[in-house]
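Since we're looking at a predicted model, the values are computed, not measured. Quick note: numbers below take in every heavy atom, side chains included, and nothing from hydrogens, waters or symmetry partners.
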Amino acid sequence: MTQTLRDQLYTALKQGIVGKRLEPGLVLLEGNIAELFGISRSPVRQTLSRLHEEQYICRFEGRGYLVGATPSEIVRRSLSERDFKQLGHAPKVDRTVSWRAHIDSVEHDIVLCSIKGAFELNELQLSKSLNVSRTVTHQILLHLQSIGLVEKIKYNSWSVVPLDNKRLHNLYEARRQLEPYMIARAAKNISQSKVDDYISKLKQAENSYPNIKGDVLDELENDLHHTAVSLGGNQEVMNMLRRTHPILLISKHLLGRVLKLPDQDPFFDEHLCIFEKIRLQKPDQAAKALVAHLERSESKVLDRLINFRESGDINVPAYLR
């Protein structure tokens, strides 16, 4: 499970205290900890407050906190890497993991709202809602911008890009132009064992359907439309395809979470057909099968879009208006 900056820092400090590497009475200062771990003071402040509530540290008349609930003396020294090194690793927190811990929930809210229409997103409100630093919030928004969900409009405000019927068609048109070209190239690069793995996963899902989780559907979609296609070896095309990602997000955030799964599996047989053509080393046929799949997929996804737009309920979060 991914951890926020606060969770990672909390674990590091708590282990240091429990393991006696941070001795009782040691003064803990926000600035020292923030500099050592390379993060802002906000998650440090929140982490120290949590440790204080749990009585791992205590307040005193001076600045900062003391290690321990009732230490007998005060120890003043700067924390260093030696206090946290385990198995030779220097102290750190993974910023990427931290912002990714919030992606699914924010992405879910924005996708559902984008189907309903135009919304404005306030960056400050998002930061408060998630209880994270502005740095983490900005990383989240840059990611959402890169996949075509939001656009920057002014200093603290972003617009949610509406996902109406015309935009859905344009996104599918872009994929129909680019993906078949890439899958034909990728067919020459994908190993036989990898193709067999894709096929095996699809057959297992087919046998389990509809007793299947939404994240499995998402993984299977990405096996073809991202991982396999990316082996076509043209990063510029992949950058263009990245902007069409809302297509995949509709199914990810609607099927099994907001809308019931359809009676028949949504795409397994079509993906199987494409991978079978690749296994037979017929790249042109794989490309044609992918075109047909995208044409059928547009119709299915459009129906879901209209259904949710007309009858689906959303709870608009405080950071959107």
Practice item. Test side-chain contact (heavy atoms from CB on, under 4.5 Å) on Leu254 and Ile115 and set out the steps. Key: CA-CA 11 Å; Leu254 289 185; Ile115 297 173; 4.1 Å; yes

Review point. Should the pair Asp7-Lys14 be classified as a salt bridge under the 4.0 Å nitrogen-to-oxygen rule?
Key: no

**Study point:** Same cluster (ILVMFWY, side-chain, under 4.5 Å), Leu142 and Tyr155
**Key:** no

Point to revise | Donor-acceptor contact present, side-chain Thr47 to main-chain Pro43, <3.5 Å | key: yes

Review point. Do any N or O atoms from the side chain of Ser191 and from the backbone of Lys194 form a donor-acceptor pair under 3.5 angstrom?
Key: yes

Review point. In this structure, are over 12 heavy atoms from other groups packed under 6.0 Å from Glu54 atom CD?
Key: yes

Exercise for review: Take Asn165 and Arg309 through the test side-chain contact (heavy atoms from CB on, under 4.5 Å) and record every step on the way to the result.
Suggested key: CA-CA 11 Å; Asn165 295 1; Arg309 190 182 297 130; 2.9 Å; yes

Review point. To the nearest 0.5 Å, what is the distance between CG (Leu126) and NE2 (His138)?
Key: 12.0 Å

Check your understanding: Do the two ring centres, one from His143 and one from His245, sit under 6.0 Å apart?
Key -> no

Point to revise | Joint hydrophobic cluster, Val75 plus Tyr56, side-chain heavy atoms closer than 4.5 Å | key: yes

Check your understanding: Are there more than 12 heavy atoms of other residues, nucleotides or ligands under 6.0 Å from atom CG of Asp263?
Key -> no

Exercise for review: Cation-pi check, Arg50 to Tyr10: give yes when NZ or CZ is under 6.0 Å from the six-membered ring centre and within 45° of the ring axis, no otherwise.
Suggested key: yes

Exercise for review: Give a yes or no on whether the backbone of Ala287 and the side-chain of Lys277 come within a donor-acceptor separation of less than 3.5 Å.
Suggested key: no

Review point. Looking only at heavy atoms, which two atoms of Ala289 and Cys273 are closest? And how far apart?
Key: CB-SG, 4.1 Å

Practice item. If the plane angle is over 60° it's perpendicular, under 30° parallel, otherwise tilted; pick one for His271 and Phe275. Key: perpendicular

Point to revise | Test: Glu35 and Arg41 ion pair at under 4.0 Å | key: no

Revision key, fill the gap. dist Arg257:CZ -> Asp215:CG (nearest 0.5 Å) comes out at 9.0 Å

Check your understanding: Less than 4.5 Å apart, any side-chain heavy atom of Asp269 and any of Leu202?
Key -> no

Review point. Are the side chains of Leu178 and Val229 in touch, meaning some heavy atoms are under 4.5 Å apart?
Key: no

Practice item. Specify the closest pair of heavy atoms between Ala69 and Gln55, including all atoms of both residues, with the distance to one decimal. Key: CB-O, 3.7 Å

Review point. Is Leu124 reachable from Val316 through a run of hydrophobic residues whose side-chain heavy atoms are each under 4.5 Å from the next?
Key: no

Review point. Side chain of Asn307, backbone of Asp303: donor and acceptor closer than 3.5 Å?
Key: no

Review point. Any chance CG of Asn315 has more than 12 other-residue heavy atoms, nucleotides or ligands included, within less than 6.0 Å?
Key: no

Check your understanding: Is there side-chain contact between Leu48 and His52, with at least one heavy-atom pair below 4.5 Å?
Key -> no

Check your understanding: Taking atom CZ of Arg185 and atom CE of Met182, what is their separation to the nearest 0.5 Å?
Key -> 6.5 Å

Practice item. Could you go through the side-chain hydrogen bond (donor to acceptor under 3.5 Å, both in side chains) check for Glu120 and Ser157 one step at a time? Key: CA-CA 7 Å; Glu120 183 176 331; Ser157 295; 3.0 Å; yes

Practice item. Go through the steps for Gln145 and Ile140 under the test side-chain contact (heavy atoms from CB on, under 4.5 Å), then give the verdict. Key: CA-CA 9 Å; Gln145 182 184 44; Ile140 292 170; over 6 Å; no

Check your understanding: So how far is it from Trp158 CH2 to Ile110 CD1, rounded to the nearest 0.5 Å?
Key -> 10.0 Å

Check your understanding: Checking Ser230 side chain against Thr227 main chain: does a donor-acceptor pair fall under 3.5 Å?
Key -> yes

Revision key, fill the gap. Nearest heavy-atom approach of Ala186 to Ala228 is CB-O, 3.2 Å

Check your understanding: So how far is it from Glu206 CD to Leu272 CG, rounded to the nearest 0.5 Å?
Key -> 5.5 Å

Check your understanding: Has Lys152 got more than 12 heavy atoms of other residues, nucleotides or ligands less than 6.0 Å from its NZ?
Key -> yes

Practice item. State whether Lys252 and Glu107 are salt-bridged, where the test is any N-O pair (Lys NZ or Arg NE/NH1/NH2 against Asp/Glu carboxylate O) under 4.0 Å. Key: yes

Review point. With a 4.5 Å heavy-atom cut-off, do Ile33 and Leu9 have their side chains touching?
Key: yes

Point to revise | side-chain contact (heavy atoms from CB on, under 4.5 Å) between Tyr198 and Leu224, intermediate numbers included | key: CA-CA 8 Å; Tyr198 290 143; Leu224 173 63; over 6 Å; no

Practice item. Would you name the heavy atoms of Leu149 and Pro246 that are closest together and state the gap between them? Key: CD2-CG, 4.1 Å

Review point. Quick one: does Pro266's side chain get under 4.5 Å of Leu217's, heavy atoms only?
Key: yes

Check your understanding: Can you find a pair of side-chain heavy atoms, one from Leu163 and one from Leu171, that are under 4.5 Å apart?
Key -> yes

Review point. Do Asn32 side-chain atoms and Leu29 backbone N/O form a donor-acceptor pair below 3.5 Å?
Key: no

Check your understanding: Between Asp83 (side chain) and Leu79 (backbone), is there a donor-acceptor pair under 3.5 Å?
Key -> no

Review point. Among the clusters formed by ILVMFWY side chains lying less than 4.5 Å apart, do Val161 and Ile103 turn up in the same one?
Key: no

Practice item. Check whether any side-chain N or O of Lys128 sits under 3.5 Å from a backbone N or O of Ala318 as a donor-acceptor pair, and report yes or no. Key: no

Review point. Applying the 4.5 Å side-chain criterion to the ILVMFWY set and letting contacts propagate, would Leu28 and Leu66 be lumped into a single cluster?
Key: no

Review point. Any side-chain heavy-atom pair from Leu261 and Tyr209 closer than 4.5 angstrom?
Key: yes

Review point. Do side-chain atoms of Asn122 reach the backbone of Tyr319 as a donor and acceptor pair under 3.5 angstrom?
Key: no

Practice item. Identify the two heavy atoms, one from Ser146 and one from Arg242, that lie closest to each other, and give their separation to 0.1 Å. Key: OG-NH2, 2.9 Å

Exercise for review: Count the heavy atoms belonging to other residues, nucleotides or ligands that lie under 6.0 Å from NZ of Lys116, then report whether that count exceeds 12.
Suggested key: yes

Exercise for review: State, to 0.1 Å, how close Tyr172 and Ser297 come at their nearest heavy-atom pair, and which atoms those are.
Suggested key: OH-OG, 2.7 Å

**Study point:** Ionic contact status for Glu23 with Arg77, cut-off 4.0 Å
**Key:** yes

Check your understanding: Sub-3.5 Å donor-acceptor pair from the side chain of Arg296 to the main-chain atoms of Phe267, do we have one?
Key -> no

Exercise for review: Please examine the side chains of Ser251 and Val301, heavy atoms only from C-beta on, and report whether any two atoms are closer than 4.5 Å.
Suggested key: yes

Point to revise | Electrostatic pair Glu173:Arg176 at N-O distance under 4.0 angstrom | key: yes

Review point. Can you list the steps and then say if Glu219 with Lys201 is a salt bridge (Lys or Arg N to Asp or Glu O under 4.0 Å)?
Key: CA-CA 10 Å; Glu219 181 182 344; Lys201 286 168 65 177; 2.8 Å; yes

Revision key, fill the gap. So OH of Tyr65 and CG of Leu51: to nearest 0.5 Å the spacing works out to 9.0 Å

